[in-house]
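For reference, the structure is listed below as structure tokens.
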Amino acid sequence: MAPRSEIHQMEEPGRTGSTVSADWQLQRQEGHLVDESLIRAENEDKMTLYLAYLIVSAALGGFLYGYDTGVVGVALPYVGTEFGGEVLTYAQQEIATAATTIGSIFGAAILGSFADKWGRKPCLLVSDLFFTAGAIIIAFSFSLAQLTVGRLVVGVGVGGAAVICPLYITELAPTAVRGRCVGINGFCIPFGQTVAVAIGAGMQHTKYNWRILFGLGVVPSLLQLSLMHWLPESPRVLILRDQHEKALETLKQIYQYASPETLELKLQVIKGHVAATTVLQRSSTFWERSKKLWLHKPYRRSILVVSMIQVFGQFTGYNTLLYYAGTLFGLLGLSNPAIGGLIPSITNTFFLLCGMVMVDRIGRRGLLMRFGPIMVVGLVWCLIAFYFMCEDTGHVLVEGYEYPQKMVGLVIAGIVIFVTGFGSTYAHLCWYQSEYLALEIRAAGSAISTTASFTANLVVAVSFLSELEAMTPSGTYGLYLCFVIIGLVLAYFCYPETKGLSVDEAFSLFEDDFGVKKSKMMRKEKLELQKQIREDGVPVRQVVEVAKDSGALHVEDHTVGA
């Protein structure tokens with residue numbers, strides 16, 4: 001790159017003395033591509049009605065994910081003795097709960113791997129079909145085996161939605177509001193969980209309550225199915241299919257205030273990145289690409305980072321408060337355990353919303369480093385409160401025992417503190433995974449990290465009730481505390497900030513190491529560069545001319561994964 005002090009003089013009719021630094025000229029040297037975030041459209045940071053419709057429609061997949069993971073905690077205790085005349089044991093509850101997670105692993109792996117070949121929209125459609133079919137199977141279940149099969153089918157939809165929804169939104173959202181747009185999907189997950197728990201709490205004495213609760217899952221899935229017709233395909237997928245005119249039309253819909261020159265340049269930038277990053281597909285077999293995911297260091301680092309955030313988000317143990325809300329709060333002595341389940345759900349939803357609002361200002365890493373320690377405080381609080389509350393019962397929870405209300409209140413307070421930290425961080429940060437991955441591995445990498453997440457979730461789901469008995473509640477939350485501390489330490493050294501970086505630029509952080517220091521440097525330089533652009537008042541048409549003249553929009557010699 002030319003020295004920053006070098007200035008390239010350009011003149012345009014009606015303007016004189018317009019200067020542009022050599023850095024900002026979008027000169028491509030040593031294989032670097034145009035930074036999309038510098039090509040900022042008019043009012044790009046505004047949430048238009050169409051963009052809101054598009055994001056919310058896609059985020060219905062997140063709501064479905066939340067509803068179907070949250071409903072099991074309140075619905076299973078309502079099953080009562082309908083299956084075989086006996087109440088479901090802890091082991092049977094764990095099996096039914098784990099079935100969704102097992103299905104999610106397959107859904108994430110399969111639909112994630114086909115996201116490039118089929119497109120983002122068709123994969124969302126398939127996820128909705130599995131959501132609908134699973135809900136119907138469960139609602140008409142007459143045995144634990146049938147219910148488990150239904151939960152397995154729903155799980156495939158959950159896994160597919162978990163991979164595709166944030167991936168789809170990441171590729172459609174403007175850089176200036178990408179954090180908030182992806183955060184909407186993250187918000188819809190706990191919102192769906194809260195809705196499930198709230199409806200469950202209100203149906204405690206309703207006949208066939210558990211069937212109704214599971215069956216209601218068809219409503220959002222059918223709604224998203226009906227909205228699919230008006231949702232566009234990702235511009236990047238359209239370009240992969242050589243449908244450039246459709247890609248431009250999609251960009252026009254998203255950037256409604258942008259000039260034709262700006263839209264054309266954005267299209268050229270995306271085409272450049274797509275052409276450069278599909279070298280891998282064009283020049284290698286599936287087996288060679290699979291090996292390169294782990295042998296090529298930048299690929300491996302980025303996949304490890306997003307998988308780390310996903311896995312340690314699960315190892316906090318938050319989902320156990322949803323999956324076993326009825327059981328856990330019943331053991332604590334609450335007359336309506338489902339209402340108790342609303343406490344972590346509402347807390348998580350509120351603080352996730354707070355985190356989503358702050359994420360584009362504070363950043364992804366910034367949120368985790370600032371609010372992550374709150375989880376540590378909450379889990380230490382829970383550990384101590386459970387220890388003293390359960391002294392009279394051998395430090396284990398005993399069904400039917402009346403624990404002191406003061407101690408129960410202290411336990412719930414610890415849970416609220418923990419969820420405050422979780423909602424502000426992991427609850428939505430894990431879904432920014434797509435922006436850390438290069439386009440050529442974005443779908444595969446998202447599938448890998450989401451599969452890792454559900455695998456970790458499976459471990460937590462099938463072991464929680466058993467851990468409460470074998471390790472005591474204090475020991476169980478002490479284990480989660482250890483995982484939270486380990487996750488924060490690893491994130492400090494390996495989790496770079498992507499605030500302000502374009503979705504196609506963030507991957508460059510992993511070229512030499514995990515990019516924590518490089519991110520600081522890049523964002524500092526970019527702020528200086530954007531400030532200079534604003535001060536110079538350089539028009540978009542001039543940017544287009546510079547980009548074309550410099551050859552920055554041509555990528556024939558760019559190689560990926562070398």
Side-chain angles (χ1 to χ4, degrees), residues 59-78 93 97 100-101 154 158 161-162 183-204 209-210 212-214 216-217 219-220 313-314 316-357 371 374-375 378-379 381-382 408-409 411-431 457 460-461 464-465 477 480:
L60 278 172
F63 179 88
L64 278 161
Y65 174 6
Y67 184 88
D68 282 305
T69 53
V71 72
V72 66
V74 292
L76 278 184
Y78 291 159
Q93 289 184 52
T97 301
T100 302
T101 307
V154 164
V158 169
I184 290 173
N185 180 72
F187 169 78
C188 283
I189 296 174
F191 180 64
Q193 293 165 344
T194 302
V195 169
V197 176
I199 295 175
M203 298 183 68
Q204 184 179 22
N209 46 14
W210 67 272
I212 297 172
L213 284 169
F214 282 123
L216 284 174
V219 176
Q314 295 296 338
T316 63
Y318 169 75
N319 279 340
T320 61
L321 299 174
L322 298 175
Y323 296 159
Y324 303 108
T327 301
L328 177 62
F329 288 99
L331 289 171
L332 290 177
L334 274 68
S335 58
N336 188 341
I339 292 180
L342 278 173
I343 296 172
S345 295
I346 292 175
T347 304
N348 184 41
T349 303
F350 175 76
F351 282 99
L352 185 148
L353 182 61
C354 294
M356 187 180 74
V357 170
F371 295 96
I374 298 176
M375 290 186 286
L379 289 173
W381 186 307
C382 287
V408 172
V411 167
I412 293 176
I415 289 174
V416 169
I417 295 172
F418 159 67
V419 176
T420 297
F422 178 84
S424 304
T425 55
Y426 284 122
H428 62 109
L429 291 181
C430 58
W431 303 117
N457 187 13
V460 173
F464 178 66
L465 295 179
Y477 281 91
Y480 296 150

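Predicted, not measured: the structure shown is a model, and the values here were computed from it.
- In this view, N348 and Y318 satisfy the side chain to side chain donor-acceptor pair (under 3.5 Å) rule, not counting sequence neighbours.
- F418 is listed as a side-chain neighbour of L321, based on a closest heavy-atom distance under 4.5 Å.
- Taking the side chain to side chain contact (heavy atoms under 4.5 Å, CB included) definition, one finds that V197 meets it with V74, L342, S345, sequence neighbours left out.
- In terms of heavy-atom proximity, F329 sits nearest to P344 at CZ-CD, 4.0 Å.
- Listed by chain and residue number, Q193 satisfy the side chain to side chain donor-acceptor pair (under 3.5 Å) test with T69 (two or more places apart in sequence, or in another chain).
- For T349, the side chain to side chain donor-acceptor pair (under 3.5 Å) partners are T194, not counting sequence neighbours.
- For the pair T320/V460, a side-chain contact is recorded, criterion being any heavy-atom separation below 4.5 Å from C-beta on.
- Side-chain contact check for F464 versus N319: every heavy-atom pair is 4.5 Å or farther apart.
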task: In sequence, state the C-alpha distance, the side-chain angles, and the governing distance for F351 and V419, and then conclude on side chain to side chain contact (heavy atoms under 4.5 Å, CB included).
output: CA-CA 8 Å; F351 282 99; V419 176; over 6 Å; no
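- Listed by chain and residue number, L332, L334, M389, Y403, I412 satisfy the side chain to side chain contact (heavy atoms under 4.5 Å, CB included) test with V408 (two or more places apart in sequence, or in another chain).
- At least one side-chain heavy atom of V416 sits less than 4.5 Å from a side-chain heavy atom of I343.
- The minimum heavy-atom distance between P220 and L64, with the atom names listed, is CG-CD2, 3.4 Å.
- Sorted pairs that involve residues 411-425 and meet side chain to side chain donor-acceptor pair (under 3.5 Å), not counting sequence neighbours, are lacking altogether.
- Annotation: side chain of C382 is in contact with side chain of I415 (closest heavy-atom distance under 4.5 Å).
- Taking CG of L352 as the start and OG1 of T347 as the end, the distance is 12.0 Å to the nearest 0.5 Å.
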field: Residues I417, W381; criterion side chain to side chain contact (heavy atoms under 4.5 Å, CB included); working and verdict
entry: CA-CA 8 Å; I417 295 172; W381 186 307; 3.4 Å; yes
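- With a 4.5 Å cut-off on side-chain heavy atoms, M375 and Y426 count as touching.
- We find the SG-NE2 distance between C188 and H428 to be 13.5 Å, quoted to the nearest 0.5 Å.
- Remark: V72 pairs with L76, T97, R151, Y323 by the side chain to side chain contact (heavy atoms under 4.5 Å, CB included) rule, at least two apart or across chains.
- Among residues two or more places apart in sequence or in another chain, the ring pair (Phe, Tyr, Trp, His ring centres under 6.0 Å) test is passed with F187 by F191.
- Applying the side chain to side chain donor-acceptor pair (under 3.5 Å) test to Y477 and every residue at least two apart in sequence or in another chain returns nothing.
- Partners of A162 under the side chain to side chain contact (heavy atoms under 4.5 Å, CB included) rule, at least two apart in sequence or in another chain, are Y65, W431, T450, F454.
- Minimum interatomic distance between L213 and A196 (heavy atoms only, all atoms of both residues): CD2-O, 4.2 Å.
- Side-chain atoms of Y67 never come within 3.5 Å of backbone atoms of I189 as a donor-acceptor pair (strictly under, hydrogens ignored).
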